[in-house]
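Accompanying notes for the structure given below.
Throughout, numbering of the chain's residues begins at 1 and tracks the sequence.
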Amino acid sequence: MGNAECVQRMNLLGKCPIPAAAWTVFRDAAARSDGYRRHLAGRGVDASSVGDWEAIPPTSKAAVFGSPWEWAAADPGAAAEIVCSSGQSGPPFSVGLVSPGERDALAARTDGLLAALGAGPGSSTLLVNVLPMGVAAPCTLATVATPSVHLEMARHVLGEIAPRFDRLVLLGEPLFLAELARGWRARGPAHPDMWVFTGGEPVAASWKAYACGLLGIEPYRVAVSMGCAEIGLHLLFETPSLGAARAALAAGPGPGWARAAGPGVVPALLGYDPERLLVETPRRAGAGRLTLTPLHAALIPLVRYETGDLAHHLTDADVDDLAELTGVALDGPVVALFGRGGTPGGVPRPEAVKEALFSDAGLADQVTGRFRLEPAADGAPLTLHVQCRHDAPPAARHADTLRAVVAGVAGEPVDVRWHAAAEYPFHAPDDWTHKPRYTR
């Protein structure tokens, strides 16, 4: 049975048989990686005899990247590229060792995506990569510009160079893209054939609506994409139908699984290629944990790798119910991505605050999107610190609205504190390289 068929039959079988490719990757990792063999042995697992996939212990950033060269199945010199993570959670830092074959496969996938947007030899396409950390997007069907998070250079490329191309594809993280779009809006209309791919952190449904309003483009032209340095780009991705279903989901309470991450959170609905990736969301302490196994031999093999994200893998019945609820035709496989785990007790999920910040365009125009939640302590209420784009805080009505929304999510009073960009104590102004830390 192919991996795609396996996912399609998940409901009929109760649980999906693990594809043969996953077992091949597991055996290969156990044969080639000293670190992985020790990981298995330390948990009493014999790679030569284990027959139950769920008996294979998960791996994690802490387990692998504390000593990554012991886990590597080849010398780092065999890599065509080394991809650095954002480093948001601090040491140990994860990295991706990309083999020449993996780099070629990524280029082929990127070209396939560009071709679906209309790119080809007879139509010029500019891909503007404003991702931080030098993350590359190899392709052959587009001219690539990489201004990264240099704001003035990115605006120059978009304003002076992009209009000379038939098509523009913009790749970046949400908060930088919002700041880029605000300045672009002031200079004139966006490119008439423009597509945006964003990710790097959980993206609020309201952010997407706000960004489309800034750029004057249809929602289907903006898509969420989730990847990680350790495994690759564009692992989970939003299609136009999934984006439309998420927008519809944001307008109502939704099914039980959609409320699993708490009030105010609208999960991203993402698909994936089951021939490339085995996706699991095993439940532990009441929440599903996004667990990925790449279905190819890798220089650092990762089997049942927990990314740290909360997620729910929709069953066929879930997909059918969602299609009926939202009125959008859908097909599997689909993963609902809620955001990162580890929110302190008594603090609402950051994703709920993101939804509130970007749901009012007037408020979103005044803030960077960075904020910090501090738990209530010693009689003081829950505190929400917000970084403003300008020295003056947003209008009082915005403060009242935000306070009411976050208090409703938290179930307790909230003190909202506005900070001028240069005075915000949790993130340097104009620093688009580091991701925000929304909680301690």
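The CG atom of L302 sits 11.5 Å away from the OG1 atom of T307 when rounded to the nearest 0.5 Å. Between T315 atom OG1 and H313 atom NE2 the span is 9.5 Å, to the nearest 0.5 Å. One finds the CG atom of L290 at 5.0 Å from the CE atom of M226 (value rounded to the nearest 0.5 Å).
Within the 3.5 Å criterion, the main-chain N or O of T239 finds no donor-acceptor partner in the side chain of S241. Checked by atom type and distance alone, the side chain of D111 pairs as donor or acceptor with a backbone atom of L141 at under 3.5 Å. With hydrogens and angles ignored, the 3.5 Å screen pairs a side-chain donor or acceptor of T293 with a backbone N or O of R304. Judged purely by atom type and a 3.5 angstrom limit, R221 has no side-chain atom pairing as donor or acceptor with the backbone of V196. A donor-acceptor contact shorter than 3.5 Å links the side chain of R167 to the backbone of G118. Side-chain N or O atoms of S206 include one that pairs as donor or acceptor with a backbone N or O of E355 at under 3.5 Å. Using a distance-only test at 3.5 Å, with no hydrogens or angles considered, no donor-acceptor pair links the side chain of R182 to the main chain of L214. Not one N or O on the side chain of W257 forms a donor-acceptor pair closer than 3.5 Å with the backbone of H312. Remark: the backbone N or O of E230 is not paired with any side-chain donor or acceptor of S94 at under 3.5 angstrom. Counting only distance, with no hydrogens or angles, the side chain of T59 and the backbone of V303 share a donor-acceptor pair below 3.5 Å.
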If you look only at distance, which donor and acceptor atoms sit under 3.5 Å apart when one is on a side chain in residues 100-107 and the other is two or more places apart or in another chain?
| residue | atom | partner | partner atom | Å |
| --- | --- | --- | --- | --- |
| E102 | OE1 | S99 | N | 2.9 |
| E102 | OE1 | S99 | OG | 3.3 |
| E102 | OE2 | H296 | NE2 | 2.6 |

Could you walk me through whether Y438 and R349 satisfy the side-chain contact (heavy atoms from CB on, under 4.5 Å) test, starting with their C-alpha distance in whole Å, then the side-chain angles of each, then the deciding distance to 0.1 Å, before giving a yes or no?
CA-CA 9 Å; Y438 299 109; R349 293 198 58 78; over 6 Å; no
Decide yes or no on side-chain contact (heavy atoms from CB on, under 4.5 Å) for R417 and L384, but give the supporting numbers first.
CA-CA 6 Å; R417 299 185 185 178; L384 172 62; over 6 Å; no
The test is side-chain contact (heavy atoms from CB on, under 4.5 Å); show your working for L269 and L330 and say whether it passes.
CA-CA 11 Å; L269 302 174; L330 298 173; 5.7 Å; no
Check the pair E280, W53 against side-chain hydrogen bond (donor to acceptor under 3.5 Å, both in side chains), reporting the backbone distance first and the verdict last.
CA-CA 11 Å; E280 304 172 84; W53 184 261; 3.1 Å; yes
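Ring-plane geometry between Y210 and F358 is classed as tilted, the angle between the planes lying from 30 to 60 degrees on a 0 to 90 degree scale. The aromatic rings of F426 and Y424 stand perpendicular to each other, their planes meeting at an angle above 60°, with 30° marking the opposite boundary. Between W71 and Y36, the ring-plane angle classifies as tilted under the 30° and 60° cut-offs. Using cut-offs of 30° and 60° on the angle between ring planes, the pair W23 and F26 is perpendicular.
Salt bridge present: K208 and E238 bring a charged side-chain N and a carboxylate O closer than 4.0 Å. With respect to D365 and R389, no salt bridge is recorded, no charged nitrogen being found less than 4.0 Å from a carboxylate O.
Counting heavy-atom neighbours within 6.0 Å of E218 CD, excluding the residue itself, gives a total above 12.
In this structure the side chain of L382 reaches within 4.5 angstrom of the side chain of P348, judged on heavy atoms.
The aromatic ring centres of F65 and F93 sit 6.0 Å or more apart.
Among H427, R370, H419, the single residue meeting the side chain to side chain donor-acceptor pair (under 3.5 Å) criterion with H385 is H419.
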